[in-house]
Participant: 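Structure provided below as structure tokens; questions to follow.
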Amino acid sequence: MSRQLPLQANAGGRVVDRALADVLRRLDPATDAQVLQGAELASLAIGLGHAALDLQCPQLLVDTFDELPQPRPWREALQASRWVATPAPHEVAPTDVPLVLEGDLLYLRRYREYERRLVAGLLRLASHVPAADGIAALAPLFARLFPQALDDDAQARAAALALQRSLLLVTGGPGTGKTTTIARLLLLLAAQARAAGADAPRIALGAPTGRAADRMAASLHRSLAPLREQLDIDATLFEALPQEARTLHRLLGTLPGGTRFRHDASQPLPFDVVVVDEASMVDLPMMCKLVEAVREGARLILLGDADQLPSVEAGDVLAAIVTASGEGALLPEDAVPALQPLLGRCASVPATAAPMHGHRIHLQRGYRQAQGLELAPLAEAARGGDGDGALSLLQAQQLSGVHFHADHYDLLSAATRETLLAPWRELAAVADPGAALAIADRARVLTALREGPQGAAQLNARIEEALAGAQREAYFHGRLLMVTENSYRHGLFNGDIGVCLRDAAGTMVAWFAGGSEGVRAFHPAALPQHGGAFAMTVHKAQGSEYDTVWLQLPRQDARTLSRELVYTALTRARRAVHVCASEAVLRAALTRHAQRVSGLAWRLKG
Ligand SMILES: Nc1ncnc2c1ncn2[C@@H]1O[C@H](COP(=O)(O)OP(=O)(O)OP(=O)(O)O)[C@@H](O)[C@H]1O
């Protein structure tokens, strides 16, 4: 019988990952120990947000890796195993083999197929070029929507390129005008269809979470309002624009009891344009299913900030697509002639053989009003991993709205306690659910970890105690809740935030945003899985914004700390940000990328 090298639980191994290795060993006791270890780690990799195990760097998954095989003999053992398929990149992996090896990447079969199918879907969309008919006739409307178009304006370039692409990425940091650009583009598409005598385009807006979908719809409405009032645009063009944005689950149509959706390649989405916001949060399986469900000839536009944390689930999908689609600074050469009536003579980049090249425009200029927060230099230092720069900005304490609490590990200690709790204390005297939900967004503690003294779970419990006492009820007036699973029955989704309020009759009610009244009431005991929400991990805060963000980093460095985590946390703040960390831990975080193993980038090179 072969030697078995189970991973120690404290080295990162999980029971669920060992189960696959155990099954393989039971089915074939002669299975090589290196294959069993590969199976266990390929499964663990998914749990940690990777698409595969990279035989060259198992240390991304486990701390004690010195007992692990060397890449070469490991690869050879895997290649020789009956449990491992080695198909060509475009080939479907056999369904009866649980693992797939491609180069040094060992996948669970299902995830390798998600990658292969996603790439096939993206290349299908990228290869379709919409007809250029009617673009020149859009020039007067285009000039009204983008008055800076002839001055090398990136937003105008993005909207113009969208007329020439079925697949487009519009990337940029917060407030760079991604939504503003899309609102104008949708009007252009409606006008183009009108001029061609065609039906108005059917447009869908989607986002990975309910919160992100709500924010997307609200910011689209905000962008459209001044256009309607000031720009003398045919009012009927606005009718084609959707009023709401949906979660991707809802858009694709969840089917009970499975991972499949109502809409897929065989029953595609009935839309001509699908716009997805917060694309950095979309994981590999979801992006695969979304792309496959976009029908032949329809457009998919992905909006996102590639410098934010990748999705918690397997992937780093946006980063791979961004890498494959070029810098996005200039128009691709082939699109220029058709767009000249809109943009004039503009610089371009030569076409390359890479199939995704020229499918991205990157917006750099920030437009959002500062509201007293001077965040940009710090966010930029964090984004670029510039530890010295970030620390000197923080230590100088000169950026308005930015506060640094060096070596501060207890937000509830005297130095910060009352400033932290002040907005939430107000909830005690509020009876109106809408007002309470607005207060809920004033402040949030964001953590790198869930567990531990600086983790979200303990901090939440301590904040709740500080607000309502040690003998508090489970649901006290003013308690913030966060839903932690999707429940279509309730219309509540992972990450939705609610507030508990006792009504005049003394009944405790949990209120969430939404519905025709703007708020929806639930009995707390009838809610789907949920927890406290005064503190949450940075991951959970993606797609949301708060007036004041408290970023609490742990006392010790941890693998989950990264520049993307710090950047994402900082850019959640609207008015003030408090960074609580040691110099060493912050520096360590900024040197690290939220690295995810994935074969998407090389697959997309074509
Ligand atoms: N070209 C522009 N000129 C003036 N203001 C602009 C311009 N583009 C965007 N803005 C303003 O900047 C703010 C942010 O724009 P928008 O919401 O479109 O950015 P975003 O990139 O979608 O942000 P986020 O990623 O945070 O959702 C809005 O108030 C918008 O009106």
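In listed order, ligands and their atoms are each counted from 1. Every heavy atom of this structure was used, including side-chain atoms; hydrogens, water molecules and symmetry mates were not.
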Participant: Is there a side-chain hydrogen bond (donor to acceptor under 3.5 Å, both in side chains) between Thr171 and His362? Walk through the geometry before answering.
Facilitator: CA-CA 5 Å; Thr171 55; His362 184 61; 2.8 Å; yes
Participant: Would you check whether Arg222 reaches within less than 4.0 Å of ligand 1, judged by its heavy atoms?
Facilitator: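 No, that is not the case, since the closest heavy atom of the residue is not under 4.0 Å from the ligand.
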Participant: Taking atom types as modelled and ignoring hydrogens, do the side chains of Thr236 and Arg194 form a donor-acceptor contact shorter than 3.5 angstrom?
Facilitator: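 There is such a pair (donor and acceptor under 3.5 Å, judged by atom type) between the side chains of Thr236 and Arg194.
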Participant: Between Gln155 and ligand 1, which residue portion shows a heavy-atom distance shorter than 4.0 Å: side chain, backbone, both, or neither?
Facilitator: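 Gln155 to ligand 1: side-chain contact only, backbone stays beyond 4.0 Å.
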Participant: Quiz question: by atom type and distance under 3.5 Å, do the side chains of His403 and Gln397 form a donor-acceptor pair?
Facilitator: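 His403 vs Gln397: no donor-acceptor pair found between side chains.
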Participant: So, for Leu565 and Val538, which heavy atoms are closest and what is the spacing to 0.1 Å?
Facilitator: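 Distance-wise, the nearest heavy atoms are O-CG1, 3.6 Å.
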Participant: Determine the sole option in Lys540, His530, Glu485 for which the side chain to side chain donor-acceptor pair (under 3.5 Å) test with Asn494 is passed.
Facilitator: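 Testing Asn494 for a side chain to side chain donor-acceptor pair (under 3.5 Å) against Lys540, His530, Glu485 leaves exactly one candidate, Lys540.
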Participant: Considering Asp277, Thr180, Thr571, Leu303, which one's heavy-atom position lies nearest to atom 18 (O) of ligand 1?
Facilitator: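 Closest candidate by heavy-atom distance is Thr180.
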Participant: Any N or O of Ser223 that comes nearer than 3.5 Å to an N or O of ligand 1?
Facilitator: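 By distance alone, the answer is no.
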Participant: Quick one: which ligand 1 atoms are inside 4.0 Å of a heavy atom on Pro174?
Facilitator: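 Numbered from 1, ligand 1 contributes 25 (O), 26 (O).
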Participant: From atom 21 (O) of ligand 1, work out which of Arg574, Lys178, Gln148 has a heavy atom at the shortest distance.
Facilitator: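 Selected option, by shortest heavy-atom distance: Lys178.
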